[in-house]
Amino acid sequence: MTINRRKFVKTSFAGAAVAATGPFFWPKRSRAASTIKAGAIYDLSGPLQAFGQNQWRCAKMAIDEINESGGLLGRKLEVKSYDSQSQMQFYNQYANQMALRDRVAVVQGGLTSSSREVIRPILHRLKTLYIYNTNYEGGVCDRNFFSTGSTPGGYVDLLVGEASKRWGKKVYILAADYNYGQISAKWIHKAAKENGGSVVGEEFFPLDVNQFGPTISKIQAAKPDFVMNVFVGPAHGSFYGQWAAAGMNKRIPMVSTTFGAAGEVVSMPTEMSNGIMTAGSYYEDLDTPENKAWLAKFRKRNGTKYGYLTDVPPKDWYGWKLWAAAVKEAGSIDREKVIRVMEAGLQIEGPGGPIKVDHTTHHCYMDMNLAEATNGRFKILKSFPNIAPTNTGGQCDLMARPDTNVMYEPKI
């Protein structure tokens with residue numbers, strides 16, 4: 001069998017290249033060059049899936065929009081997505097995997113503060129950028145970390161201030177028994193004192209507690225002017241039914257930093273939910289052209305049986321869009337270059353209004369709203385533009401001290 005010289009040279013060269021590089025290296029290298037890899041980790045199953053699934057829906061919407069508009073730097077975004085199953089050990093495993101095996105340019109995700117504090121030190125050590133998009137107790141000061149979530153200067157101060165004006169100065173705190181609930185309670189103590197009030201009782205509950213009879217008796221005895229809850233997860237949701245069954249929802253007002261985050265406002269009977277006051281940067285009921293257009297796109301993709309979106313899930317949309325904007329401006333996915341663009345005060349628009357990165361803390365300025373659960377929706381009571389992220393005493397200054405890697409807590 002004969003073969004012409006041109007075919008022989010071409011075939012021999014290809015064979016030599018494969019022999020020199022190994023049978024799998026060349027295709028893998030070609031694929032890596034054609035996409036930009038990023039990492040996502042959400043609670044898509046387990047007790048926290050009601051939160052995580054909507055987070056991922058909003059994140060996926062942003063990722064698809066980025067790719068549909070041409071990707072980044074001429075390359076499509078390839079997202080390695082992992083389900084934590086609401087288990088801390090998987091946050092550890094997948095954070096390491098995304099940084100070391102997947103070699104992603106950024107990781108986004110995590111819901112609870114516990115999950116964040118598993119992910120964050122790993123990615124800090126491995127020099128992989130981390131963006132956290134959940135409302136939390138504030139205080140993280142880490143140059144490798146950015147947050148689009150609301151902090152206590154937004155939601156705690158607004159809620160305590162408004163409740164103190166409406167109902168009185170005595171507050172009873174109910175909170176989840178882990179770092180988010182415990183540190184948020186400190187912020188509530190601080191806000192109550194600043195408003196001339198006091199905390200007349202507080203209790204902390206593990207995430208699997210679902211019986212609150214003794215607690216309701218204690219609240220009745222303490223006679224607060226309002227109750228402020230920092231509940232997390234489905235077990236804690238049992239409180240609202242027990243509270244209403246005891247007739248307490250007619251006697252003592254309720255405010256919450258978390259109510260509505262899992263769609264409770266549409267799934268819970270209105271006799272339980274009506275009147276609960278919350279604070280957030282996003283509600284579906286925001287009456288703006290930007291929100292109406294964004295929400296229509298979201299519902300076209302996901303239907304209408306997802307529950308109700310409040311602050312947290314849309315922040316994942318913001319987080320992915322913010323990082324994409326930084327990559328475009330930097331002209332690179334290099335971590336240091338992207339950080340410099342973001343901390344220079346990068347701002348993007350979204351359904352809840354603009355968010356802008358604060359260069360000193362790597363958290364964001366954003367518009368905030370007070371809202372009240374009303375007949376299966378949220379009625380917007382008041383809106384506040386451009387609320388600064390919490391940074392008590394100016395403790396965090398990443399421009400002056402870029403090597404800082406601590407979490408500050410309020411002193412009470």
Side-chain angles (χ1 to χ4, degrees), residues 51 53-72 77 108 131-135 146-151 153-155 158 260-263 265-266 277-329 341-342 344-358 363-374 376-389:
F51 302 89
Q53 289 178 357
N54 274 342
Q55 285 183 278
W56 176 238
R57 288 180 179 117
C58 290
K60 187 66 165 56
M61 178 173 163
I63 293 161
D64 289 348
E65 288 175 346
I66 291 165
N67 281 335
E68 288 162 7
S69 65
L72 298 174
L77 189 56
Q108 302 208 31
I131 301 177
Y132 178 66
N133 301 306
T134 302
N135 299 349
F146 289 83
S147 174
T148 65
S150 305
T151 51
Y155 59 84
L158 293 178
V265 75
V266 295
M277 188 167 66
T278 67
S281 63
Y282 180 81
Y283 294 91
E284 287 190 10
D285 291 291
L286 286 173
D287 187 15
T288 65
E290 294 81 6
N291 178 45
K292 290 177 180 178
W294 185 90
L295 193 56
K297 290 180 183 178
F298 180 85
R299 288 174 173 169
K300 184 177 180 180
R301 294 172 54 92
N302 299 289
T304 58
K305 295 183 179 180
Y306 56 84
Y308 183 99
L309 298 179
T310 54
D311 224 11
V312 173
K315 287 299 179 59
D316 284 275
W317 181 91
Y318 275 99
W320 287 96
K321 290 284 191 165
L322 189 71
W323 176 74
V327 168
K328 289 179 181 179
E329 187 168 329
V341 168
M342 292 180 71
L346 185 63
Q347 177 173 316
I348 63 168
E349 301 290 331
I355 66 168
K356 180 180 180 180
V357 177
D358 170 44
H363 292 60
C364 291
Y365 287 83
M366 64 191 70
D367 297 347
M368 292 291 294
N369 309 276
L370 287 171
E372 183 178 276
T374 306
R377 308 297 298 178
F378 275 105
K379 178 183 178 182
I380 307 300
L381 303 174
K382 296 180 181 180
S383 297
F384 305 84
N386 202 35
I387 297 294

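All values below come from the heavy atoms of this structure, side chains included, with hydrogens, waters and symmetry mates left out. For the single chain, residues carry numbers from 1 onward in sequence order.
Closest of all the heavy-atom pairs between S147 and C364 is O-SG, 3.5 Å. Taking all atoms of both residues into account, the shortest heavy-atom contact from E290 to G350 is CB-O, 4.1 Å. Nearest heavy-atom pair across G71 and K328 is O-CE, 4.1 Å.
By the side chain to side chain donor-acceptor pair (under 3.5 Å) test, R301 is found to be paired with D64, residues two or more places apart in sequence or in another chain being considered.
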**Report entry** Pair Y155-N369, side-chain hydrogen bond (donor to acceptor under 3.5 Å, both in side chains): steps then yes or no
**Finding:** CA-CA 9 Å; Y155 59 84; N369 309 276; over 6 Å; no
Query raised in the report: Under the side chain to side chain contact (heavy atoms under 4.5 Å, CB included) criterion, do I387 and S281 qualify, and how do the steps go?
Result: CA-CA 10 Å; I387 297 294; S281 63; over 6 Å; no
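With hydrogens and angles ignored, the 3.5 Å screen pairs no side-chain donor or acceptor of N54 with any backbone N or O of P313. With hydrogens and angles ignored, the 3.5 Å screen pairs no side-chain donor or acceptor of D358 with any backbone N or O of H363. For S69 (side chain) and N67 (main-chain N/O), no donor-acceptor pair under 3.5 Å exists by modelled atom type.
Counting heavy atoms from C-beta outward, W320 and E65 have side chains that stay 4.5 Å or more apart. Using a 4.5 Å heavy-atom cutoff, the side chains of W323 and Y318 are not in contact. Side chains of L322 and I131 form no contact here, defined as non-hydrogen atoms less than 4.5 Å apart. Looking only at side-chain heavy atoms (C-beta outward), T148 and W317 stay at 4.5 Å or farther from each other. Between M342 and F146, the closest side-chain pair of non-hydrogen atoms falls below 4.5 Å. Annotation: side chain of Q347 is not in contact with side chain of I355 (no heavy-atom distance under 4.5 Å). The side-chain heavy atoms of S383 and M368, taken from C-beta on, include no pair separated by under 4.5 Å. The side-chain heavy atoms of L286 and P351, taken from C-beta on, include no pair separated by under 4.5 Å.
With rounding to the nearest 0.5 Å, the separation of CG in D311 from OG in S150 is 4.0 Å. Annotation: the span from L381 atom CG to L158 atom CG amounts to 11.5 Å, rounded to 0.5 Å. For the atom pair NZ (K297) and CG (N302), the distance works out to 13.5 Å, reported to the nearest 0.5 Å. One distance of note links CD of E329 with CG of L346; it measures 6.0 Å at 0.5 Å rounding. Of the inter-residue distances, the one linking T278 atom OG1 with L370 atom CG reads 8.0 Å to the nearest 0.5 angstrom.
Between the side chains of D367 and Y282, no donor-acceptor pair is found at a separation under 3.5 Å.
A tilted orientation is assigned to the rings of Y283 and F378, their planes being inclined by 30° to 60°.
A salt bridge is defined here as a Lys NZ or Arg NE, NH1 or NH2 lying under 4.0 Å from an Asp or Glu carboxylate O, and R377 with E284 meets this definition. A salt bridge links K292 to D287: at least one charged side-chain nitrogen sits closer than 4.0 Å to a carboxylate oxygen.
Evaluated for a side chain to side chain contact (heavy atoms under 4.5 Å, CB included) with N135, the options V312, T151, T310 yield exactly one hit, V312. No option in K315, Q55, Q108 other than Q108 meets the side-chain hydrogen bond (donor to acceptor under 3.5 Å, both in side chains) test with N133.
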